[in-house]
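A short write-up of the structure that comes next.
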2 protein chains.
Amino acid sequence: MINFFVKFKYGIPIYEQVIFSVKKAIVTGQLKPGDRFPSVRELSRELRINPNTAQKVVSHLVKENLLKIEPGIGSVVSQLSSATDMQKKGILENEVEKFVVEAKRLLITKQEVMDALDRYWNEKGKG
Amino acid sequence: MINFFVKFKYGIPIYEQVIFSVKKAIVTGQLKPGDRFPSVRELSRELRINPNTAQKVVSHLVKENLLKIEPGIGSVVSQLSSATDMQKKGILENEVEKFVVEAKRLLITKQEVMDALDRYWNEKGKG
DNA sequence: CAAGTGTACTATGGTATATAATACAGTTAG
DNA sequence: CTAACTGTATTATATACCATAGTACACTTG
């Protein structure tokens, strides 16, 4: 059984969309540390994607320390670990910059952004 | 003369990086509404990119209403226009979602994000 | 008319994405 | 031990995107 959902959009690589869905599932507590993650073949079958694409998803998630492989058995959801200062600096500068520029170009106010952020943070924050 | 700067990074399409730099220049007031925008050939020469890539930049910016073409003359920076409710909904849900998921997976706190957002908004907000 | 605009087109090379079909080593249930 | 399951690697094909090069055309300005 698959315990997360993906509604594929056109124009974004499938493997990226699946990766994001998994991250979202983990962040919201839908997938918990220690949970067994679907096998490559099961992922392929259930999401109707190529086994190689499913394998790409797993290898990326392992590289990002979100999954851990138990050889011969399968993969397991890892515990979330705090970002290093470097990583924090990265996301909090690069990502915020992109975000702010896009908002300002559409004349969206800081308050609107803060509200949206606050709302979304709590809404999906049960995990 | 080129009135904005691009430091190219590997792995991100050149035309995307240039587009973002232009947006940033507009948002920060470095490029003001009514300013003449460099011609395709000048952009190509100054940034050392292919004319076709420069043309791609211009056409994208025109499509996003950030530049306006005066046929036979050149292009001019447009006035920023407020987003429609649909556009706001788009950026404030999709973009915030991506952002929050990435932050939470690195166990970055809401306060850290809010602070970074607030800091960056004011820092680059002289325009 | 000459030189500058944006734009369109063909062509080539490199890379990324998604698919298909095998194959192999390790682990586990029966 | 065997069968069935794990992750992983390989080769191959088709498509799309990205960046480059070169040429051409209609338009406007000095």
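All values below were derived from every heavy atom in this structure, side-chain atoms included, with hydrogens, water molecules and symmetry-related copies excluded. What you see is a predicted model, and the numbers here were worked out from it, not measured in a lab. In what follows, every chain begins at residue 1, and chains take the letters A, B, ... in the order their sequences are listed.
Taking atom CD of residue B:E70 and atom P of nucleotide D:dT29, one finds them 9 Å apart after rounding to whole Å. For the pair B:I49 CD1 and D:dA21 C1', the interatomic distance rounds to 14 Å; values are reported in whole Å. The interatomic distance linking B:I12 (CD1) with D:dA19 (P) rounds to 11 Å, in whole Å. For the pair A:L43 CG and D:dC5 P, the interatomic distance rounds to 17 Å; values are reported in whole Å. At whole-Å resolution of the value, NZ in B:K9 and C1' in D:dA19 are 20 Å apart. Taking atom CG of residue A:L61 and atom C1' of nucleotide D:dT8, one finds them 16 Å apart after rounding to whole Å. Here the P atom of nucleotide D:dA16 and the CD atom of A:E16 are 18 Å apart, to the nearest Å. A:R48 has its CZ atom 16 Å from the C1' atom of C:dA18, to the nearest Å.
Considering only the side chain of A:I73, C:dT27 comes nearest among C:dT27, D:dC18, C:dG6. Of all nucleotides listed (D:dG7, C:dT17, C:dG6), D:dG7 comes nearest to the side chain of A:Q55. Each of C:dT19, D:dA19, C:dA18 was ranked by its minimum atom distance to the side chain of B:Y15; first place goes to D:dA19. The side chain of A:N52 lies closest to C:dA20 when the candidates are C:dA20, C:dT5, D:dC18. Taking only side-chain atoms of B:N50, from C-beta outward, the nucleotide of D:dA21, C:dT7, C:dT19 with the closest atom is D:dA21. For A:I14, the side-chain atoms get nearest to C:dT19 when compared with the rest of D:dC18, D:dG7, C:dT19.
Under 4.0 angstrom from either OP1 or OP2 of D:dC18 there lies at least one side-chain N or O belonging to B:K56. Taking 4.0 angstrom as the limit, B:T53 places none of its side-chain polar atoms (N or O) nearer than this to OP1 or OP2 of D:dA19. Between C:dT5 and B:S75, no contact under 4.0 Å exists linking OP1 or OP2 to a side-chain N or O.
Taking the six-membered ring for Trp and thresholds of 30 and 60 degrees, B:Y15 and B:H60 have ring planes inclined between 30 and 60 degrees apart.
Applying the 3.5 Å distance criterion, the base of C:dG4 shares no donor-acceptor pair with the side chain of B:R41.
Taking NZ of B:K9 as the start and CD of B:E16 as the end, the distance is 12.0 Å to the nearest 0.5 Å. Between B:K68 atom NZ and B:F37 atom CZ the span is 16.0 Å, to the nearest 0.5 Å.
Using a 4.0 Å cut-off between charged side-chain N and carboxylate O, B:E42 and B:R45 make no salt bridge.
Residues A:Q30 and A:F4 approach most closely at NE2-CA, 4.1 Å, considering heavy atoms.
Mapping A:P51 and B:G72 onto DNA chain C by nearest heavy atom places B:G72 closer to the 5' end of the strand.
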